[in-house]
Amino acid sequence: MIATRDAYGQTLVELGRENPSVVVLDADLSGSTKTALFAKEFPQRFFNAGIAEANMLGMAAGLAAGGQIPFVSTFAVFASGRAFEQIRQSLAYPRLNVKVVATHGGITVGEDGGSHQSVEDLAIMRAVPNMVVLCPADGPETAAAVRAVAAYEGPVYMRLGRSKVPTVFAEPTPFVIGKGSCLRPGRDLTFVTTGLMTAQALAAAEILAEGGIDARVVHLGTIKPLDVDLVLQAARETGALVTAEEHSVIGGLGGAVCEVVAEGYPVPVERVGLRDVFGQSGTAEELLAYYGLTAAELVEAAQRVVRKKQMP
Amino acid sequence: MLDELQVQELTEKARQLRVDVLKMLNAARSGHTGGSLSALDALTVLFFHQMRHDPSNPQWADRDHFVLSKGHAAPALYACLAHAGYFPLDDLKTLRRLGSHLQGHPDMRKTPGVEVCTGSLGQGLSQAVGLALAARLQGRASRTYCLLGDGEVQEGQIWEAAMAAAHYGVDNLCALLDWNGLQIDGEVDKVMRVTPLGPKFLAFGWHVLEVDGHDLNAIARALADAAACTGKPTLIIARTVKGKGVPFFEHKASYHGVPPSDDELSRALEHLGHS
Ligand SMILES: Cc1ncc(C[n+]2csc(CCOP(=O)(O)OP(=O)(O)O)c2C)c(N)n1
Ligand SMILES: [Mg+2]
């Protein structure tokens, strides 16, 4: 169990050693986002913008236009919110090579409360043309994704978490932007999940198997571009989908999957996520339970969707 | 100007508030210690001397408003509100717990006495300008106070608000700047220099005062001076010490977002003369 932000910080240092073009920017949160590791080894290539996220994203755009590869970090609320229009205008519109790696996504931010919990960042970033949007499940996938985005030319938003999460990708797996992975076969329904909900879906599938329901688990580490083929294949072969994300059910993974199946192969879908509400203070565990982001809730959603599928 | 008795009473109040801030942070097991303690003396003078407010009627239309723009110092604000009587002292133990009305950052929809939602730095001063404009439109004597962090003023929005406050001449607005010299990643001067602060605000058209932010009398005098100033908003630059009152927290960026451990709490309480 490690936090995805820890995997990010470590991989960033490796990238810094391999590629002198990599620069890193942060907004007074380098200890929390883990870019402090890079800052320590490469002080010349680290820029602390202070508490000034909009300016930070603008500077990153300029650094990219000038030929550097900027990785920019702060909390997800501030990256996707405070600096939204700089991301849209200065970096996505011109398709500049800036990697926004936003930590502390979702409700597992915990005690800081709803003001600090981004429940809409994936939706916001997904709506921006040219953006690639990633949400890895665990440490190893994050490390692979950071390498993949460094090799990719163009703007990327990657959402990482604060808390430690269980490892899903125990075997080293290369990260391919735009490709999901089927982590468990199944015929009765498919869990389509992202971020830390993938581990919950795997646990839910185990529970369902005891009751004779055979659930497939498809993890999408890329929210955009969505792996349309994998989603439609799941719709065709299992006839029912449950999406799950640590995010609002509006506009993120659930929204994206519904758009794709509605157009391509309509089947019943249940969306698990925050139901159009903000978060609040509490421990990460308490909040996941309070908002129904647990294996138990996924089991119930699976049972509901299977009943819907059986309705004449 | 405070008389001797008032100074004694406010000093004792500030001591009790420090005790409660530390206890509440320790119970919550997370939260912001350094910036709550640096701001506490200014908050004490505001809530227990300067501001006109009625805890039994939080929505009293003619009240003065307080905006904690550096929202992470919520424990200091909550301690003041509880001591003033907005809610029971016992509630402080629920800070940052699931279901508590005391959220990690101030929430006007949850906590009586909290005027706006803050926590994302840089947004409070704009809201304070709006509150001051509303009071002026309605012909009320109500004044608006706003507490800023010295790292917080790195946000561009602060300067947009500073421009608007001077442009509209909201002399019923008084901002206080908690000049403790530290932010999360270290010294403000090293992370992203903001000084000289006084000349910047002066150039924006503000009335600017500078005081020792732990001298209760000096703070009270500056607040009175601000209230007498017409035609422009006032900024009080309060020179403070992050972690003030607990020697082993003072001047340390490392205690920005860390609560006192059990051991640190008992040593801190001992230092504050609380058994
Ligand atoms: C927009 C925004 N960016 C980042 C943060 C995270 N953050 C919380 S406190 C803090 C440092 C604040 O420093 P300062 O204003 O000097 O406060 P103080 O020293 O009084 O605690 C930061 C960066 C935030 N709350 N809001
Ligand atoms: Mg400070």
Side-chain angles (χ1 to χ4, degrees), chain A residues 25-33 35-36 39-40 43 46-59 73-86 104 107 109-118 162-163 278-291, chain B residues 25 27-32 69-72 74 94-111 116-123 148-160 182-194 253-254 256-259:
Chain A
L25 295 88
D26 204 296
D28 196 30
L29 287 168
S30 66
S32 298
T33 64
T35 63
K40 189 150 177 264
F46 176 79
F47 301 94
N48 201 325
I51 312 168
E53 295 79 7
N55 183 52
M56 172 168 72
L57 266 300
M59 290 198 295
S73 289
T74 179
F75 290 179
V77 258
F78 308 132
S80 68
R82 180 54 70 74
F84 169 72
E85 216 245 334
Q86 284 70 25
H104 295 63
I107 55 174
V109 165
E111 295 83 351
D112 271 354
S115 59
H116 283 55
Q117 296 163 2
S118 66
R162 173 189 180 217
S163 52
F278 285 110
Q280 59 180 308
S281 291
T283 65
E285 295 287 289
E286 284 169 345
L287 292 171
L288 288 171
Y290 182 89
Y291 291 105
Chain B
L25 282 162
R29 299 277 169 215
S30 73
H32 298 84
S69 194
K70 42 167 272 187
H72 57 280
T94 68
L95 174 71
R96 293 177 157 244
R97 293 264 163 79
L98 184 66
S100 170
H101 72 88
L102 301 177
Q103 294 290 297
H105 294 80
D107 187 333
M108 66 183 287
R109 297 291 175 214
K110 292 209 160 98
T111 313
V116 295
C117 289
T118 51
S120 178
L121 292 167
Q123 301 196 21
L148 303 166
D150 54 354
E152 179 183 18
V153 300
Q154 291 158 347
E155 286 288 357
Q157 188 181 344
I158 292 294
W159 303 96
E160 297 176 21
L182 295 173
Q183 56 189 113
I184 296 182
D185 281 345
E187 291 169 40
V188 176
D189 263 357
K190 294 211 174 117
V191 174
M192 181 58 63
R193 193 170 48 253
V194 297
S254 53
H256 169 87
V258 178

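Heavy atoms only: backbone and side chains are in, while hydrogens, waters and symmetry mates are out. Chain A is the first sequence line, chain B the second, and so forth, proteins listed ahead of strands; every chain is numbered from 1.
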Quiz item: Mind checking what makes side chain to side chain donor-acceptor pair (under 3.5 Å) contact with B:R29, not counting sequence neighbours?
Solution: B:D262
Self-check item: Side chain, backbone, both or neither of B:E155 within contact of chain A (heavy atoms, under 4.5 Å)
Solution: both
Quiz item: Of the backbone (N, CA, C, O) and the side chain (C-beta and beyond), which part of B:H72 lies under 4.5 Å from a heavy atom of chain A, both, or neither?
Solution: neither
Quiz prompt | Side chain, backbone, both or neither of B:S30 within contact of chain A (heavy atoms, under 4.5 Å) | solution = side chain
Self-check item: From A:E53 atom CD to B:S120 atom OG, the distance as rounded to the nearest 0.5 Å
Solution: 7.0 Å
Exercise. With side-chain contact (heavy atoms from CB on, under 4.5 Å) as the test, would you mind laying out the steps for B:R97 and A:T283 before giving the verdict?
Key: CA-CA 8 Å; B:R97 293 264 163 79; A:T283 65; over 6 Å; no
Quiz item: More than 12 foreign heavy atoms under 6.0 Å from CZ of A:F46: is that the case here?
Solution: yes
Self-check item: Exam field: side chain A:S281 to backbone B:L98, donor-acceptor pair closer than 3.5 Å
Solution: no
Quiz item: Who are the side chain to side chain donor-acceptor pair (under 3.5 Å) partners of A:S118, not counting sequence neighbours?
Solution: A:D121
Self-check item: Straight-line distance of B:I184 CD1 to A:D28 CG, nearest 0.5 Å
Solution: 5.0 Å
Exercise. Side chain from CB out, backbone as N, CA, C, O: work out which of these in A:A36 comes under 4.5 Å of a heavy atom of chain B, or both, or neither.
Key: neither
Quiz prompt | side-chain contact (heavy atoms from CB on, under 4.5 Å) between B:D185 and A:L29, worked out | solution = CA-CA 7 Å; B:D185 281 345; A:L29 287 168; 5.6 Å; no
Quiz prompt | Residue B:Q157 versus chain A: region with a heavy atom under 4.5 Å | solution = side chain
Quiz item: Does any heavy atom of chain B fall under 4.5 Å from the side chain of A:F47, the backbone, both, or neither of them?
Solution: neither
Exercise. Before giving the answer on side-chain contact (heavy atoms from CB on, under 4.5 Å), spell out for A:N48 and B:M192 the whole-Å C-alpha distance, their side-chain angles and the decisive distance to 0.1 Å.
Key: CA-CA 7 Å; A:N48 201 325; B:M192 181 58 63; over 6 Å; no
Quiz prompt | Residue, of A:A52, A:G114, A:G113, that accumulates the most heavy atom pairs under 4.5 Å with chain B | solution = A:A52
Self-check item: Interatomic spacing from NE2 in B:H105 to CG in A:D112 - rounded to 0.5 Å
Solution: 4.5 Å
